[in-house]
Amino acid sequence: MPELPEVETIARDLAPKLRGQRIRQIRYDDYPPVFDRHSLSPRLLRGKRISGVERAGKFVVLRFGAEDLRLAVHLRMTGQLLFLPAKRSLPYTRAVFDLDDGKALVFADVRKFGRMRLFAGEPAATLAIGTDPFDRRLDAGGFSSLIARRATPVKAWLLNQRYLGGVGNIYACEALFYAGIRPKRRVGKLTSAERSRLLTALRSVLRKAIRHRGSSVDDYVDAEGLPGAFQNRLAVYGRAGMQCRRCGTPIRRIVLAQRGTFYCPHCQR
DNA sequence: ATCAGCACCTGTTGGC
DNA sequence: TGCCAACAGGTGCTGA
């Protein structure tokens with residue numbers, strides 16, 4: 001479900017609500033494990049005060065006190081991270097963090113793929129997340145050197161979190177549409193003009209999606225349980241057989257890297 | 001050292 | 001209407 005724009009929306013919403021709140025108690029369902037096998041003991045969180053919330057790749061990261069201690073939450077496909085101002089029970093709850101005054105942070109997940117990890121250290125290094133697409137130090141040259149001479153299809157490259165952190169299936173398809181590049185093209189063989197267009201298109205579509213609070217194609221909701229609005233503005237994702245918004249050609253669906261992949265055969269070369 | 005393919009889960013949808 | 005296969009925003013492991 002959630003990619004960079006959705007996770008960014010959740011993190012921005014949660015930050016002012018959670019900052020200063022203390023973790024009173026934690027309850028969780030551990031089958032399958034909701035804390036991954038690298039996680040420190042969740043008991044360490046009891047009594048800790050939340051000092052900040054940020055996004056790292058597709059993770060929502062909570063920080064505690066002035067310490068190095070952080071909790072990373074990955075929503076995978078159907079995870080939801082919800083702030084509840086008053087006690088309430090939700091279906092598919094996997095973990096509940098009781099906060100001050102009856103407030104709570106709830107991690108719910110129908111498919112149970114989502115995981116959390118408590119760790120000490122820097123998120124990018126610990127979680128093996130590549131460069132953030134919005135990193136100011138990333139320019140066309142840096143982007144091109146991340147690509148190097150890789151033979152993998154450009155869409156598979158975009159989905160690999162070790163190069164760029166945060167791009168998922170929807171926005172990989174969308175960015176390639178706006179850059180005019182077919183998903184199967186070998187990433188290492190893109191011209192420098194194409195690479196440059198791709199970085200620009202990626203940033204632009206991610207920025208727009210954040211402005212519209214993400215895409216609610218299926219289960220995604222923000223920290224208050226409300227859907228985003230960007231699903232109505234998608235150019236190719238989920239539009240197989242429908243007319244391209246730019247040229248009218250039917251949008252094509254193929255499977256690439258085991259994922260549904262959408263593109264316009266006329267606008268993308 | 002890569003990388004395709006499958007595993008992990010449950011719910012929804014579309015074809016017959 | 002009913003059944004069942006295919007599919008879903010992601011990633012981690014295995015074996016070639």
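Treat the numbers as computed from the prediction; the structure is a model and nothing was measured. Order of the sequence lines sets the chain letters (A, B, ...), proteins ahead of strands, with each chain counted from 1.
Using a 30° and 60° split on the angle between ring planes, A:Trp157 and A:Tyr163 fall in the parallel class, below 30°.
Checked against A:Asp98 for a salt bridge (charged side-chain N to carboxylate O under 4.0 Å, His left out), the options A:Arg24, A:Arg27, A:Arg46 give a single hit: A:Arg27.
The interatomic distance linking A:Arg162 (CZ) with C:dG12 (P) rounds to 13 Å, in whole Å. The interatomic distance linking A:Asp219 (CG) with C:dC7 (P) rounds to 18 Å, in whole Å. C:dG12 atom P lies 10 Å from atom CG of A:Asn160, rounded to whole Å. If you measure from atom CZ of A:Phe59 to atom P of C:dT11, you get 7 Å, rounded to the nearest angstrom. Between the CG atom of A:Leu127 and the P atom of C:dG12 there is a distance of 10 Å, given to the nearest Å. The separation between A:Tyr171 atom OH and C:dG10 atom C1' is 15 Å, rounded to whole Å. Residue A:Arg259 contributes atom CZ, which lies 17 Å from atom P of B:dC3 at whole-angstrom precision.
For the P atoms, the distance from C:dC13 to B:dC9 is 14 Å, rounded to whole Å.
If you look at A:Tyr263 and A:Phe177, their ring centroids are not closer than 6.0 Å.
In this structure the side chain of A:Asp29 never reaches within 4.5 angstrom of the side chain of A:Val34, judged on heavy atoms.
Within the structure, salt bridge (Lys or Arg N to Asp or Glu O under 4.0 Å) contacts touching residues 227-246 of chain A (residues at least two apart or in different chains) do not occur.
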Exercise. For nucleotides 8-16 of chain B, read 5' to 3', which letter fits each nucleotide if B means a protein heavy atom sits under 4.0 Å from the base, S means only the sugar-phosphate is that close, and - means neither?
Worked result: BBBS-----
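OP1 or OP2 of C:dT11 sits under 4.0 Å from a side-chain N or O of A:Gln161. Contact check, A:His74 against C:dG10: no side-chain N or O comes under 4.0 Å of OP1 or OP2.
For the atom pair CZ of A:Arg117 and CZ of A:Arg37, the computed distance is 9.0 Å after rounding to the nearest 0.5 Å.
In this structure, A:Arg94 reaches neither bases nor backbone, as no heavy-atom distance under 4.0 Å exists between it and the strands shown. Contact annotation for A:Arg37: backbone-only contact, meaning every heavy-atom pair under 4.0 Å involves sugar-phosphate atoms and none involves a base.
Distance from the side chain of A:Gln258 is smallest for B:dC6 among the nucleotides B:dC6, C:dG10, C:dA8.
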Problem set entry | Bracket notation of DNA chain C in which parentheses pair within the strand, [ ] cross earlier pairs, and | pairs with another strand (Watson-Crick or G-U, under 3.5 Å) | .|||||||.|||||||
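For A:Lys112 and A:Tyr31, the positive end is not near the middle of the six-membered ring at less than 6.0 Å and at most 45° from its axis.
Judged purely by atom type and a 3.5 angstrom limit, A:Thr126 has no side-chain atom pairing as donor or acceptor with the backbone of A:Pro123.
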